[in-house]
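These notes are about the structure you will find just below.
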Amino acid sequence: MPVRRSLLAAPVLEVAPKLLGMVLRRTTDEGTVAVRLTEVEAYDGPNDPGSHAYRGQTARNAVMFGPPGFLYVYFTYGMHFCMNVSAGPDGQPSAVLLRAGEVVEGVELARRRRGAPASAETKFNQTAGVRSAGLSGAGVRAAGSSGAGVQPGPAGGKAAARRNPDWELARGPARMCVALGIDREANGVDLLARDAEVQLVPGPGFEGEPSTGPRVGLREAADRPWRFWIPGDPTVSAYRPHVPKKRA
DNA sequence: ACCGTGATGGTCT
DNA sequence: GACCATCACGGTG
């Protein structure tokens, strides 16, 4: 059962901490992966220079301007996706960035999707001059699923698993998207629909009070403590201030 | 463990 | 043409 929409219609600073301990679940023909949310950030539209919606509605950020409970997925740094849950009443463009979580279902599928990033296999193929036609992602997937189900974890075995432990599968917004298989196609999905491919469900919650602090990597409004996380949870990502890029 | 940096393309000015 | 709600790697300690 998805959560009630009225729960997400509140002001985003109230909604964000309530998402901690809830579960985001995605089911496809590949299987199901579910993540218990451990770290989120609030983005408050017109009141928030750090929000994509601060300067008004565009094609990209349109989902934030709609009703609560929909998925806003955006593409950034030329290679990563991040996802938000729209919050607040219809017409108020606020959203909660989902920054990290603990994989609580479908760990094997999540491992396969996350693969073994640029480890021995990739390097070998590059140095050997093997033309890869999409081997970077698909090849890893195939390698993981081709066996008789005996081989666990990312391609590369124990060494790769050590560098890529399960608690890092969804530690960080782009990693969590990979673990769940979220990309631009999921933009605009209703997370509260009964038959939705991606669903937000209540989950186990957590004990105690959320920690708060400044949001990660923002240039604008870098001081607002609108990041919320479950204290002590190893899946919470590291804080990182904004770094200006070198100029040519 | 921590820090610096390259990769890579969509979006907005 | 600048900026990016990031990640993984390699170098250093």
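Just so it is clear, the structure is predicted and the values come from calculations on it, not from any experiment. Quick note on labels: first sequence line is chain A, next is B, and so on, each numbered from 1.
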Without decimals, in angstroms, what is the distance between A/R114 CZ and C/dC7 C1'? 9 Å

Whole angstrom value for the distance that separates P of C/dT6 from OH of A/Y239: 11 Å

Using the criterion of both pairing distances under 3.5 Å for Watson-Crick and G-U wobble pairs, give all stems of 3 or more consecutive pairs involving DNA chain C. B:1-7 with C:6-12, B:9-12 with C:1-4

State which residues pass side chain to side chain donor-acceptor pair (under 3.5 Å) with A/E105; sequence neighbours excluded, sorted by chain then number. A/R25

Mind checking what makes side-chain contact (heavy atoms from CB on, under 4.5 Å) contact with A/R175, not counting sequence neighbours? A/R114, A/E168, A/R171

Quick check on C/dA5: is either OP1 or OP2 less than 4.0 Å from any side-chain nitrogen or oxygen of A/H242? no

Write down the distance between NZ (A/K245) and C1' (B/dG6), rounded to a whole number of angstrom. 6 Å

If I take atom NE2 in residue A/H80 and atom C1' in nucleotide B/dG6, what distance separates them, rounded to the nearest angstrom? 11 Å

Applying side-chain contact (heavy atoms from CB on, under 4.5 Å), name anything that partners A/R5, two or more places apart in sequence or on another chain. A/P68, A/F70, A/D190, A/L192

Length of the CZ-P vector between A/R224 and C/dA5, whole Å: 15 Å

Closest to the A/R219 side chain: C/dA8, C/dC3, C/dT6? C/dC3

Check for me whether A/R36 meets the cation-pi criterion with A/F206, that is, NZ or CZ under 6.0 Å from the six-membered ring centre and within 45 degrees of the ring axis. no

In whole angstrom, give the distance that lies between atom CD1 of A/I182 and atom P of C/dT6. 18 Å

Ion pair check, A/E30 and A/R112, cut-off under 4.0 Å: no

With sequence neighbours excluded, what pairs up with A/T235 under the side-chain contact (heavy atoms from CB on, under 4.5 Å) test? A/T38, A/E102, A/W167, A/D233

Would you check, one step at a time, whether the test side-chain contact (heavy atoms from CB on, under 4.5 Å) holds for A/R227 with A/Y239? CA-CA 10 Å; A/R227 178 186 183 220; A/Y239 177 73; 3.8 Å; yes

Of all the nucleotides listed (C/dT6, C/dA5, C/dA8), which has the minimum atom distance to the side chain of A/V216? C/dT6

Would you sort out whether A/R60 and A/T58 count as a side chain to side chain donor-acceptor pair (under 3.5 Å), showing the intermediate values? CA-CA 5 Å; A/R60 175 176 67 153; A/T58 66; 5.2 Å; no

Regarding the side chain of A/R240, the nearest nucleotide among B/dT5, B/dG6, C/dA5 is B/dT5

Rounded distance in Å - CG (A/N84) to P (C/dT6): 11 Å

Given C/dA8, C/dA5, C/dC7, which nucleotide is nearest the side-chain atoms of A/L97? C/dA5

Could you say whether A/M83 or A/E168 is positioned toward the 5' end of DNA chain C, judged by the nucleotide with the nearest heavy atom to each? A/M83

Neighbour count above 12 (heavy atom, 6.0 Å) for A/F75 CZ: yes

Between the protein and nucleotides 9-13 of chain B, list every N/O to N/O distance that falls short of 3.5 Å.
unit_1	atom_1	unit_2	atom_2	d
B/dG9	N2	A/Y77	N	3.4
B/dG9	N2	A/G78	N	3.3
B/dG9	N3	A/G78	N	3.3
B/dC12	OP1	A/T58	OG1	2.5

Starting at CZ of A/R175 and ending at C1' of C/dA5, how long is that distance when rounded to a whole Å? 15 Å

